[in-house]
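Scroll down for the structure; my scribbles are underneath it.
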Amino acid sequence: MKKQMITLAAAGALLLSAAPLQADAVGNGPNYGGNETINTSILHTYSELASYLQKQEAKQQDMELEVIGQSVKGRDLYLVKYMKNPENPTILFLTQQHGNEQLTTEGALEFIKHLGTGKMKGVTDNVNILIVPMLNPDGAMGDVDFSLDDYVASGDRHLTRYNALGVDLNRDHVTKIQPETQALHSNVMQKYDIDYMIDLHHQGTRSERDGELVSGSILYPTTPNVDPEVLEGSKKLGAVVFDAVDSTGWGHLGKYVGGTAETISRNGIAVEYGISTLLFEMRGMSDHEYEPYVLGQKSNGYLIKQTITTLDSTVRAIADGSIETKDTSFWDTLAEQRNRQSEDE
């Protein structure tokens, strides 16, 4: 029987103004091990996300909300746009290709609100921002045509990696069979002149670098078909993220171990469109059938803040041009993350 945990205060867990994060937050982030239940009720549902975006559009002069298509189950797929000047460099943030990887979406929603405040005044004059905050809403809502009986979380729903038909959207960037990936490519990738993309995901809980558990991992395109200039731009994008997150005291990033298949967005989009791409894998998932992949909710705050830090730092670096001078040599010494064998934190 799954145990109930005390639900986090919803507002406090998701705000930039939350209590400061401890320097050792990464190591303290508990795994699910039967000691607590993962409560999905604190995460935005699809309808709550849609309402949130519509309210932000009404409040923010520079924000435009666009529907780029529908999911298998008919849910609208949203694109958030800040585009003052078509000549400006453009970055795309993509979240929740996998429906059970939602804390990046929570961070993206906070960042959207952040963009409407005085803290970001003038930044969007020099950079265009596109955000797809939930590409797989059916998976995020557990509205799928297969059983989720073995999934760990409790609350109002389960969240699953796959879309309603059981397909991994991040393996569909060549054939583009699924309606979600068709919408992304037809109405975002092919419609806008995008220079950079960060594809935000979640990974398991047991990865470490230099003996310490990571808060996430990053990787540039690894297909041999990527253009060298695109690859260098990807590495610069990673340098911005690494410098911003790894210097916080609570963030600790490793190099992701990824393949070369172009069915994956990091590789395929870089080759097909000449876009510099970066994969960011945050630690821990919101729900899964494999318990070691699920991270206890006491870690939500720092993972959401890590997402906001990532989005904020890259937008600012592109806007002021400092991304062009980033030193990418750190990639040569950044250790690949490895799975910790011990069950002890």
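Keep in mind the model is a prediction, meaning the values are calculated, not measured.
- Remark: the Q102 side chain and the Q96 side chain contain an N/O donor-acceptor pair separated by less than 3.5 Å.
- No side-chain donor-acceptor contact under 3.5 Å links S186 to the backbone of A183.
- Within the structure, salt bridge (charged side-chain N to carboxylate O under 4.0 Å, His left out) pairs that include any residue of residues 254-268 do not occur (at least two apart or interchain).
- Not a single donor-acceptor pair under 3.5 Å links the side chain of Q203 to the backbone N or O of G216.
- Between D312 and K119 there is no salt bridge, since none of the side-chain N atoms of the basic residue sits less than 4.0 Å from a carboxylate O of the acidic one.
- Counted by atom type alone, T181 and D172 present one or more donor-acceptor pairs between their side chains at under 3.5 Å.
- Within the 3.5 Å criterion, the main-chain N or O of T222 finds no donor-acceptor partner in the side chain of T260.
- Remark: I129 CD1 to Y196 OH distance equals 14.0 Å, nearest 0.5 Å.
- Of the inter-residue distances, the one linking I318 atom CD1 with T90 atom OG1 reads 9.0 Å to the nearest 0.5 angstrom.
- E48 is not listed as a side-chain neighbour of S51, based on a closest heavy-atom distance of 4.5 Å or more.
- Listed for the N267 side chain is a donor-acceptor partner under 3.5 Å among the backbone atoms of G259.
- Inter-residue side-chain proximity for L79 and I131 is flagged as unmet; no heavy-atom pair is nearer than 4.5 Å.
- In this structure, a donor-acceptor pair under 3.5 Å is present between the side chains of T95 and T105.
- For D156 and T40, the side-chain atoms include at least one donor-acceptor pair closer than 3.5 Å.
- For the residue pair E101/S286, the side-chain donor-acceptor check at 3.5 Å is not satisfied.
- K113 and Y52 form no side-chain donor-acceptor contact under 3.5 Å, judged by distance and modelled atom types alone.
- Taking 4.0 Å as the cut-off between side-chain N and carboxylate O, K176 and E272 count as a salt-bridged pair.
- A donor-acceptor pair is defined here as one N or O able to donate and one able to accept, closer than 3.5 Å; no such pair exists between the side chain of Q306 and the backbone of M282.
- Shown here are the ring-ring contact (aromatic ring centres under 6.0 Å, His included) partners of F93, two or more places apart in sequence or in another chain: there are none.
- Heavy-atom minimum distance, W250 versus Y302: CZ3-O, 3.6 Å.
- At distances below 3.5 Å, not a single donor-acceptor pair connects side-chain atoms of T277 with backbone N or O atoms of M197.
- Of the residues Y256, F242, Y220, the one that meets the ring pair (Phe, Tyr, Trp, His ring centres under 6.0 Å) test with W331 is Y220.
- Once rounded to the nearest 0.5 Å, the distance linking OG1 of T104 with NE2 of H202 reads 4.5 Å.
- Proximity of a side-chain donor or acceptor of E180 to a complementary backbone N or O of Q70 within less than 3.5 Å is not detected.
- Note that NE2 of H252 and CD of Q337 are 10.0 Å apart. Values are rounded to the nearest 0.5 Å.
- With sequence neighbours excluded, the residues that form a side-chain contact (heavy atoms from CB on, under 4.5 Å) with K84 are D62, T124, D125.
- For the atom pair CG (L115) and CD (E110), the distance works out to 11.0 Å, reported to the nearest 0.5 Å.
- The hydrophobic clustering, which links ILVMFWY residues whose side-chain heavy atoms are closer than 4.5 Å, places I198 and L334 together.
- Salt bridge absent: K235 and E232 never bring a charged side-chain N and a carboxylate O closer than 4.0 Å.
- Checking D287, D168, D138 one by one against R161, the salt bridge (Lys or Arg N to Asp or Glu O under 4.0 Å) holds for a single residue, D168.
- A salt bridge links K191 to E66: at least one charged side-chain nitrogen sits closer than 4.0 Å to a carboxylate oxygen.
- Distance CG/L279 to CG/L237: 11.5 Å, rounded to 0.5 Å.
- Checked by atom type, the side-chain pair N163/Q178 shows a donor-acceptor distance below 3.5 Å.
- The environment of OH in Y78 is crowded: more than 12 heavy-atom neighbours from other residues, nucleotides or ligands sit within 6.0 Å.
- Between R338 and D210 there is no salt bridge, since none of the side-chain N atoms of the basic residue sits less than 4.0 Å from a carboxylate O of the acidic one.
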Exercise for the section: Kindly indicate, with the supporting measurements, whether the criterion side-chain hydrogen bond (donor to acceptor under 3.5 Å, both in side chains) is fulfilled by H185 and Y273. Expected result: CA-CA 10 Å; H185 284 267; Y273 304 103; 2.7 Å; yes

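- Within 6.0 Å of the OH atom in Y293, the count of heavy atoms belonging to other residues, nucleotides or ligands does not exceed 12.
- Of the possible polar contacts, none joining the T263 side chain to the V174 backbone as a donor-acceptor pair under 3.5 Å is found.
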Practice task
Please report the C-alpha distance between R157 and D143 in whole Å, then the side-chain angles of each, then the deciding distance to 0.1 Å, and finally whether the salt bridge (charged side-chain N to carboxylate O under 4.0 Å, His left out) criterion is met.
Solution key: CA-CA 9 Å; R157 68 194 188 279; D143 184 11; over 6 Å; no

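- Taking each heavy atom of V127 and N88 in turn, the nearest pair found is N-ND2, 3.6 Å.
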Exercise for the section: Go through K73 and D145 one step at a time and tell me if the side-chain contact (heavy atoms from CB on, under 4.5 Å) criterion holds. Expected result: CA-CA 10 Å; K73 298 286 187 175; D145 297 335; 2.8 Å; yes

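- For H201 and F280, the gap between ring centers reaches or exceeds 6.0 Å.
- Under the 3.5 Å distance criterion, the side-chain polar atoms of S265 are left unmatched by any main-chain donor or acceptor of I269.
- Minimum heavy-atom separation, P221 to V226: CB-CG2, 4.2 Å.
- Between the side chains of S217 and E281, no donor-acceptor pair is found at a separation under 3.5 Å.
- No donor-acceptor pair closer than 3.5 Å links the side chain of N170 to the backbone N or O of I264.
- N39 and Q297 share no side-chain donor-acceptor pair at under 3.5 Å.
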